[in-house]
Amino acid sequence: MLDLLDSLGALGAAALREAFGADGVPAHVVFEPSQRADLQCAAAMQLARALKRPPRDLAAVLVTAASTHPAVARADIAGAGFVNVTLHDGWIAAHLDDALAHRAVGAGQTRVLDYSSPNVAKPMHIGHIRSTILGEALKRVLRKVGYAVVSDNHLGDWGTQFGKLIVAWRRYLDEAAFAREPVQELLRIYVKFSDEEKAQRAALGAAPAKDGDDDDAPAAVAPLLAEARAELVKLQAGDAENVALWKRFVDVSMREFDRMYARLGVSFDVTLGESFYNDMLAPTVDALLADGTAEPSQGAVVVTFTKERDGEALPPFLLRKADGGFLYGSTDVAAMRYRMTTWSPSRILIVTDERQQLHFRQLFATARRMGVGARLEHVWFGLMRLPEGTFSTRDGNVIALEDLLDEAERRARAVAAELNPALAPDELDAIARVVGLGAVKYNDLSKDRQTLVTFTWDKALSLQGNTAPYLQYAYARIRSLVRKVAETGATMGPVGALEPTERALVLTLLRYPLAVQEVAQTARPHVLCDYLYALATAFSSFYGELPVKDAAPELRAARLTLCDRVATVLREGLDLLGIEVPERM
RNA sequence: GCGCCCGUAGCUCAAUGGAUAGAGCAUCGGACUUCGGAUCCGGUGGUUGGGGGUUCGACUCCCUCCGGGCGCGCCA
């Protein structure tokens, strides 16, 4: 299908050039699948002005050109100048295997993909699932089209919160609780610290939070906060006791993360957290100061941006605090340098929520000033919130990722047990896991990533309609059918004449590589979800209308082939999204 | 104050310059005594937040207003 679209595009463009001269005619015109015809081309209207001819004159040339292609049964002009192409059934049937022929557009290129990136000492909650699931799907899709992908979990394992955590550990730790649920206990003492510090600040008469006025009165710092800053300085200077504590925090957190990643089926090539770049911060900022990219400002170091030099005017980018401390801006600049020198990627993609858009515009503008040639892309997604508002770990109104997955499996198990009472308990468990997890992932992936999501249990765990279970069900039915037909000894055979629902199904199959390629180009996995749903729908219509097992031998063989291809695409497509399929459900 | 994002059927979402704006849920009606009914076929439901502009053509691009989310040098 990809090749066909290319040849028709080239044919059409060549014909236009020959008829009307080369000026204003691109190398390819666009033919694409359409609801009104097998393929459609709107180039006649687009080029009419440049060529100073009525659109229908151009369309007539395109019709003639397209008609010369052996795949084309008919081409017509419609409407203002659309060209509608009908393909030969024979061509469609003969190209069934194109459905799995992906184009290696990424061959020879490397991409760095930064996703998940949870913070140490905090449990993973439902807000983390988008970056994790989205990034994992992108990794798989990019690899499918030939890119070498370095997936990197840029852990939040360094920074000011560790000063606070160390103080909290010494003051508030409940060792028994830590032994039971380490990360929960770290969260508890961190929240406790924040509350105590807030109380101290209030007692000092300082305005709670919300700065903005220029009172640089360090006298108002709460004693607890001062203590935390001191511990942070010790940690960053390599104090043995603090470093040991920090390592412990990271260890217990990683154990939790790894457990969640295993459950989600997510993996990383490298896990280079913020701490990994610690030694590179000072040299990086010094280098930027030396070459004039960064400049001193009020005792701190910043990068400033002007419209003339950087293409857009942005607020200053803070790299080093007046007290000499570094921030995540400096970490990200160091990570940028490291990634460029280590992997030489053609593109770096960073998957985080929308709130960091400004930060990454600043970072990327800084990187361009540093001479980074790779294309830099912030793959941002909309915030997840609860009906009552944005959730925050500190306020405790979060839903743990683990609870979400448990509930998903519980609901999937209940449905499976009810609809298929013959299932053995262990198979029921396996189905609950695959279907429940699939529903959760698909729910996130099937919406445009930039959509703001308001979390509700029923929406997140829906098993009806455009959901993973619908696709999994289509797959399981095919597998069941194949098992049943195998008992009769019938085998697959060539596809010949096509009934309308079969024809629609094959055309849908052939669009699969297009969908995969679009996801790779735009980093929007919901395009693949939409495609797979369309495929499952086309299959269900076909399956409801035409017999397979009891069809005449040649028809049965052909339809078995069709079913087999649908199953393969469903399995592979879902796998690209990080979703498994059950053999029965 | 400056900036980014969003507003599509009752609800949740597609359509990123192409034809008559499509799905799911909900709702109403139908499907050979079922190759798995977690399914299929059909109906109802739209001034795409309002207004203006660009274009042969606008949900899509531009301006403006309204409503919502988020961000804006010493957190990440």
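The analysis underlying the following values was restricted to heavy atoms, covering all of them including side chains, and did not include hydrogens, waters or symmetry mates. Quick note on labels: first sequence line is chain A, next is B, and so on, each numbered from 1.
One N or O donor and one acceptor, one from the side chain of N84(A) and one from the base of rA19(B), sit under 3.5 Å apart. For Q35(A) against rG22(B), a side-chain-to-base donor-acceptor contact under 3.5 Å is absent. Evaluation of atom-type donor-acceptor distances gives a pair under 3.5 Å for the side chain of Q40(A) against the base of rA19(B). The base of rA38(B) is not paired with the side chain of Y473(A) by any donor and acceptor separated by under 3.5 Å.
Residue contacts shown for R556(A) are absent, as no nucleic acid heavy atom lies under 4.0 Å away. The residue L560(A) sits apart from the nucleic acid: no heavy atom pair falls under 4.0 Å. Across all strands, L327(A) comes closer than 4.0 Å only to sugar-phosphate atoms, never to a base (heavy-atom distances). Contacts of Y543(A) with the nucleic acid, taken as non-hydrogen atoms under 4.0 Å apart, include base atoms. Counting any heavy atom pair closer than 4.0 Å across all strands shown, D550(A) reaches no nucleic acid atom. Here L383(A) lies in heavy-atom contact (under 4.0 Å) with sugar-phosphate atoms only. G465(A) comes within 4.0 angstrom of the backbone, heavy atoms only, and of no base. Here L463(A) lies out of heavy-atom contact (under 4.0 Å) with every strand. Q298(A) comes within contact range of at least one nucleobase, with a heavy-atom separation under 4.0 Å. Among the atoms of the strands shown, only primed sugar atoms or phosphate atoms (P, OP1, OP2) are found under 4.0 Å from some heavy atom of R355(A). As judged by a 4.0 angstrom heavy-atom cut-off over every strand, A534(A) is placed among residues making no nucleic acid contact. Residue D448(A) is in base contact, counting any heavy-atom pair closer than 4.0 Å across all strands shown. Residue contacts shown for R385(A) are limited to sugar-phosphate atoms, with no base heavy atom under 4.0 Å away. Within 4.0 Å of A78(A), counting heavy atoms only, lies at least one base atom of the nucleic acid.
Taking the P atoms as reference points, rC61(B) lies 8 Å from rG17(B), given to the whole Å. Distance check on atom P: rG22(B) versus rG43(B) gives 12 Å, rounded to whole Å. Distance check on atom C1': rC13(B) versus rC2(B) gives 32 Å, rounded to whole Å. A gap of 29 Å separates the C1' atoms of rC4(B) and rA9(B), to the nearest Å. Between rG53(B) and rC70(B), the two P atoms lie 35 Å apart (nearest whole Å). rG7(B) sits 9 Å from rU48(B) when the C1' atoms are compared, rounded to a whole Å. Rounded to whole Å, the separation between the C1' atoms of rG36(B) and rA31(B) comes to 16 Å. If you take atom P in rU8(B) and the same atom in rU47(B), they sit 12 Å apart, rounded to whole Å.
Position along RNA chain B of the nearest nucleotide to A322(A) versus E518(A) favours E518(A) as the more 5'-ward residue. With RNA chain B read from its 5' end, the first of the two nearest nucleotides for Q356(A) and L423(A) is the one closest to L423(A).
R511(A) and Y531(A) share no side-chain donor-acceptor pair at under 3.5 Å.
Residues T467(A) and S462(A) approach most closely at CG2-O, 3.6 Å, considering heavy atoms.
Ring orientation note: the planes of Y277(A) and H154(A) are tilted relative to one another, at an angle of 30° to 60°. Relative ring orientation between F539(A) and F542(A) is described as tilted, the plane-to-plane angle lying within the 30° to 60° band.
R320(A) places no side-chain N or O within donor-acceptor distance of the main-chain N or O of L281(A), the cut-off being under 3.5 Å.
Proximity of R483(A) to the phosphate of rC35(B): no side-chain N or O atom is located under 4.0 Å from OP1 or OP2. Phosphate proximity of rA14(B) to T451(A): present, with a side-chain N or O under 4.0 Å from OP1 or OP2. Within the structure, a side-chain polar atom (N or O) of H526(A) is placed less than 4.0 Å from OP1 or OP2 of rA15(B).
Base orientation at rG73(B) is syn, since its O4'-C1' glycosidic dihedral falls within 90° of 0.
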